[in-house]
Amino acid sequence: MPSHDVRSLLQTAVPTAALGVVAAVVGGVAVGGKGAVGAAVGVLVVILFMGLGQVALQYVAKAMPQLFSGMGLVVYSVQLVLLLLFIMAFRNTTLFHLQAFAISLVAATIMWIVAQTWSHVKSKTLYVDPSQEDVTASGAGTSHDK
């Protein structure tokens with residue numbers, strides 16, 4: 001994984017993890033130990049699902065760029081289905097507080113999206129391949145030979 005991909009992943013995961021610490025403290029104060037565990041589990045699920053999705057999309061963008069948009073839809077659909085399965089599996093659990101889990105899940109998802117957007121805004125993405133522009137500018141790539 002190239003360093004800029006790792007940097008992008010860290011720029012989204014670190015703020016989300018920081019929110020997770022705050023959510024666990026708030027859940028612990030509001031509900032007790034089960035609230036802290038529920039909040040922590042919610043944030044961990046978001047970091048795991050969204051992180052793996054971002055890694056998968058970065059791989060597809062490098063290996064098969066023509067499939068990037070379609071794979072984005074597939075990855076997000078799979079994430080939703082896996083999240084639904086996770087919620088269905090733990091809907092009657094007594095291991096953690098479900099409302100703290102749900103609130104932290106939503107808050108962490110919003111934090112992930114905001115951090116990812118901020119990371120993309122701050123990144124310096126080239127829209128033109130400089131090596132191709134140099135070839136075209138020098139006339140080597142044109143078919144206008146007289």
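What you are looking at is a predicted structure, and each value in this text was computed from that prediction instead of being measured. Positions are given from 1, in the same order as the sequence printed here.
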Straight-line distance of Thr94 OG1 to Lys34 NZ, nearest 0.5 Å: 4.5 Å
From CA spacing to verdict: side chain to side chain contact (heavy atoms under 4.5 Å, CB included), Gln54, Trp112: CA-CA 11 Å; Gln54 188 170 349; Trp112 184 278; 3.3 Å; yes
Cluster link Val21 to Val43, ILVMFWY, side chain under 4.5 Å: no
Evaluation steps, side-chain hydrogen bond (donor to acceptor under 3.5 Å, both in side chains), between Gln116 and Ser8: CA-CA 7 Å; Gln116 191 174 37; Ser8 174; 5.8 Å; no
Cluster check Ile110, Val45: I/L/V/M/F/W/Y, side chain < 4.5 angstrom: no
Leu44 vs Leu48, side chain to side chain contact (heavy atoms under 4.5 Å, CB included): CA-CA, chis, key distance, verdict: CA-CA 6 Å; Leu44 287 175; Leu48 180 70; over 6 Å; no
Note, Phe90 side chain near Phe101 side chain (heavy atom, < 4.5 Å): no
Considering all heavy atoms, the nearest Leu98-Arg91 contact: CD1-O, 3.1 Å
Val37 vs His97, side chain to side chain contact (heavy atoms under 4.5 Å, CB included): CA-CA, chis, key distance, verdict: CA-CA 7 Å; Val37 172; His97 193 264; over 6 Å; no
For the student: nearest non-hydrogen atoms of Ala39 and Ala23, plus distance: CB-O, 3.4 Å
Same apolar cluster: Leu10 and Trp118, side chain cutoff 4.5 Å: no
Nearest heavy-atom neighbours spanning Gly38 and Ser104: O-OG, 3.7 Å
Interatomic spacing from CE in Met111 to OG1 in Thr16 - rounded to 0.5 Å: 6.5 Å
Worked check of side chain to side chain contact (heavy atoms under 4.5 Å, CB included) between Met71 and Leu57: CA-CA 7 Å; Met71 281 303 291; Leu57 285 176; 4.3 Å; yes
Same apolar cluster (I L V M F W Y, side chains within < 4.5 Å links), Val31/Val25: no
Common cluster, Phe96/Val22, ILVMFWY with side-chain heavy-atom separation under 4.5 Å: no
Rounded distance (nearest 0.5 Å) linking atom CD1 of Ile47 with atom OG1 of Thr109: 10.5 Å
Ignoring hydrogens and angles, write down the donor-acceptor pairs under 3.5 Å from the side chains of residues 73-89, residues two or more places apart or on other chains.
residue : atom : partner : partner atom : Å
Ser77   : OG   : Leu73   : O            : 2.8
Gln79   : NE2  : Phe49   : O            : 2.7

